[in-house]
Every structure is written in C-alpha cells, then in structure tokens.
Amino acid sequence: MAPGWSVMAPESHLFQSLNGLQQLAETRRFKAWFLDQFGVLHDGKQPYPGAVVALEKLAECGTKMVIISNSSRRSSTTMEKLKSLGFDPSLFVGAITSGELTHRYLHRRDDAWFAALGRSCIHMTWSSRGAISLEGLGLRVVDNVEEAEFILAHGTEALGHPSGDPLPMTLEELEKILEQCAAKKIPMVVANPDYVTVEARDLRVMPGTLASKYEKLGGEVKWMGKPDKIIYQAAMSMVGVDASDSIAVGDSLHHDIKGANAAGIQSVFITGGIHATELGLGNFDEIADLNSVKALASKYDAYPSYVLPSFTW
C-alpha cells in the first residue's frame with residue numbers, strides 16, 4: 001500500500017486519512033477510472049515504479065479504465081506508446097486524447113463552431129518529437145497569416161509548411177506569428193491544452209502555453225481537452241457511465257483536477273508529477289505536506305477528492 005493517502009473535501013478543504021489506492025479500489029465504488037498518463041503512469045521515457053502493477057490490480061477489481069490525455073496525438077498512438085513502455089493495452093477500454101477529439105471535430109464538422117472555421121490553417125506542430133499528420137482532414141496548411149482562416153496548435157516546436165515538412169521554430173518566433181494572427185482575429189484550436197508536461201523529471205512547454213498567450217492577445221481559443229469537460233464527457237460516453245460512477249486520476253491541478261471538478265466527478269491528485277517542485281518534493285513517492293497541498297489547491301481553485309504521492313498499490 002502507498003503511504004500518505006488523504007482525502008480533501010472541496011467545500012471544507014478538510015483532510016481525512018485513508019490507507020491507499022488499494023482501499024479505494026476495493027470498495028468498487030467507482031465503475032470507471034479515467035487516468036492521465038504523463039506524471040501519473042510514466043514520465044514519457046519509462047513507467048513510474050509500481051504503476052504497471054497498480055493497473056493490473058485495478059483491472060482485477062473489475063474496474064473499467066480509460067486513458068484521458070491532453071496529448072495532441074491520436075488515441076491509437078497513445079496506446080502504442082503505453083504498450084512500448086510495458087503497459088498492457090488490453091487492461092483499458094480505450095483512450096480519449098485531445099488530439100483524437102480535435103481530429104474528430106475537424107473531420108465531422110457537425111459542430112457549428114467547427115463548421116465555420118474554414119479550411120486554411122496555420123499549423124503549429126512538433127519537430128523533434130515528430131510532426132502531427134493532418135491526413136484526411138481536407139485542410140490546407142499555409143505559412144502566410146494573410147491566407148489563414150484559423151490556427152491549429154498541436155505542438156510548440158515548429159510551424160507546419162505547405163510541403164508537409166515542419167519548419168523548426170522557437171517559442172518566441174511562434175508567439176510573433178500569434179501576434180499577427182490576433183491582429184487578424186482568427187480563431188485557434190488547441191489540440192493539447194497542457195501548459196507543461198513532465199518528461200524524464202524535466203518540464204517541457206506544451207501548446208496550452210501558446211493558447212494562453214493567444215487569449216491574452218485577445219484571440220479566441222477552443223480548448224479541446226482538460227480542464228474542459230468535453231473530454232470527460234467523451235470518456236463517460238465511451239464506458240457508458242455517468243459522473244457518479246466515475247473518478248479521474250491526474251497530476252495537474254489546473255487540468256486534471258479542475259476538469260474533474262467541472263465535470264462533476266471525483267478525483268485523485270498525484271503530487272509527484274508537475275507540481276512536485278512547487279510542493280518541495282525531491283524523491284519519488286515522497287509524501288507532500290498536506291497544508292502545502294491545501295494551499296496549492298486553493299491557488300489553482302481545483303480541489304481533489306483524494307491526494308496520493310504516486311499511482312501505486
């Protein structure tokens with residue numbers, strides 16, 4: 001059992017001690033568990049200690065598990081990544097990613113906001129991490145803001161080129177393009193709302209940072225993932241449960257926990273992820289000071305139902 005489990009009541013911010021992930025799982029109170037991946041299951045390079053076993057134990061309890069991720073990549077890519085890290089894909093009902101939702105909405109165009117977007121886009125993508133394919137979406141990638149009808153933000157390393165090859169750019173260069181787009185008042189779709197993510201204990205800047213900048217410039221942004229409840233609703237629909245039967249697990253107060261609050265579902269906050277430094281944690285599975293967690297939750301206006309140092313049994 002993992003030490004240091006505690007529960008936080010959003011209304012009163014009071015803590016009550018519990019024994020660990022095992023105790024909560026074996027109550028079988030929640031039919032569906034929606035799991036973040038980066039900062040919870042793995043760090044992008046390797047699984048966290050105990051995470052593989054914890055998933056297997058959850059599955060033995062009859063839990064339906066869905067990966068719910070702000071990854072800008074398609075769900076199938078996410079499952080392949082998990083398999084390569086030693087996780088068993090058969091333990092999950094499936095995955096819902098921001099990238100999958102974005103692709104779905106851009107392809108179907110059955111939502112009025114997306115139907116009005118147009119087809120010409122400025123595409124902000126990845127370079128060293130691998131560019132995102134737009135195949136099958138009928139989009140025309142342009143590198144001239146004057147020709148663009150919207151911005152599609154998948155990454156923070158490059159600008160998509162009409163040839164299909166990404167043109168590496170710095171954040172500062174991408175932000176200059178955003179300034180031009182804001183002046184033209186074209187909307188943005190952000191396919192990964194995360195500000196930063198954990199990668200081998202380092203923090204990497206993600207597309208949500210660009211989207212936040214764009215909103216400050218006066219631009220309109222459609223956030224296609226956490227903390228918007230759209231992604232939680234998609235996960236509940238996939239499993240066929242309602243909010244009362246669901247619990248979300250994540251390491252970001254702003255994204256995972258605030259999103260769970262918005263969707264009306266309970267949540268587990270993993271302190272050893274992106275907030276580890278803010279909480280003064282230096283080692284894996286180190287127990288955070290509960291007063292520090294309370295203060296941080298208040299800062300982000302995001303209140304978890306439970307707090308745990310790591311996703312371990």
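Index from 1, following the sequence.
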Exercise. Hey, what's the ring geometry for H154 with H123, parallel, tilted or perpendicular (30° and 60° as the breaks)?
Worked result: perpendicular
For this session: Classify the angle between the aromatic ring planes of F87 and H42 as parallel (below 30°), tilted (30 to 60°) or perpendicular (above 60°).
Result: tilted
For this session: Look at the aromatic rings of Y195 and H254 and report parallel, tilted or perpendicular, splitting at 30° and 60°.
Result: parallel
Problem set entry | Sequence neighbours excluded - salt bridge (charged side-chain N to carboxylate O under 4.0 Å, His left out) pairs with any residue from residues 216-240 | D36-K226, K226-D256
For this session: Output all residues satisfying salt bridge (charged side-chain N to carboxylate O under 4.0 Å, His left out) with K299, sequence neighbours left out; order by chain, then residue number.
Result: E278
Problem set entry | Partner residues of R74 under the side chain to side chain donor-acceptor pair (under 3.5 Å) criterion, sequence neighbours left out | E100, H103
Exercise. Any side-chain heavy-atom pair from L152 and L134 closer than 4.5 angstrom?
Worked result: yes
Exercise. Any luck finding a side-chain donor-acceptor pair between N192 and S98 under 3.5 Å?
Worked result: no
Exercise. Counting only N and O atoms by type, is there a donor-acceptor contact under 3.5 Å from the side chain of T63 to the main-chain atoms of L58?
Worked result: yes
Exercise. Is it true that atom NZ of K184 has more than 12 heavy atoms of other residues, nucleotides or ligands lying nearer than 6.0 Å?
Worked result: yes
Problem set entry | Which residues share a side chain to side chain donor-acceptor pair (under 3.5 Å) with T27, sequence neighbours left out | none
For this session: Find out if a path of hydrophobic residues (ILVMFWY) with successive side-chain heavy-atom gaps under 4.5 Å connects M124 to L101.
Result: no
Exercise. Regarding Q37 and S69, is there a side-chain donor-to-acceptor distance under 3.5 Å anywhere?
Worked result: yes
Problem set entry | N/O donor-acceptor pair under 3.5 Å between E286 side chain and L281 backbone | no
Exercise. Between the side chain of R108 and the main-chain N/O of Y105, is any donor-acceptor distance below 3.5 Å?
Worked result: no
For this session: Please identify each residue that fulfils side chain to side chain donor-acceptor pair (under 3.5 Å) with D88, with sequence neighbours left out.
Result: S90
Problem set entry | More than 12 heavy atoms of other groups within 6.0 Å of K81 NZ | yes
Problem set entry | side-chain contact (heavy atoms from CB on, under 4.5 Å) involving T170 - partner list, sequence neighbours excluded | E172, E173
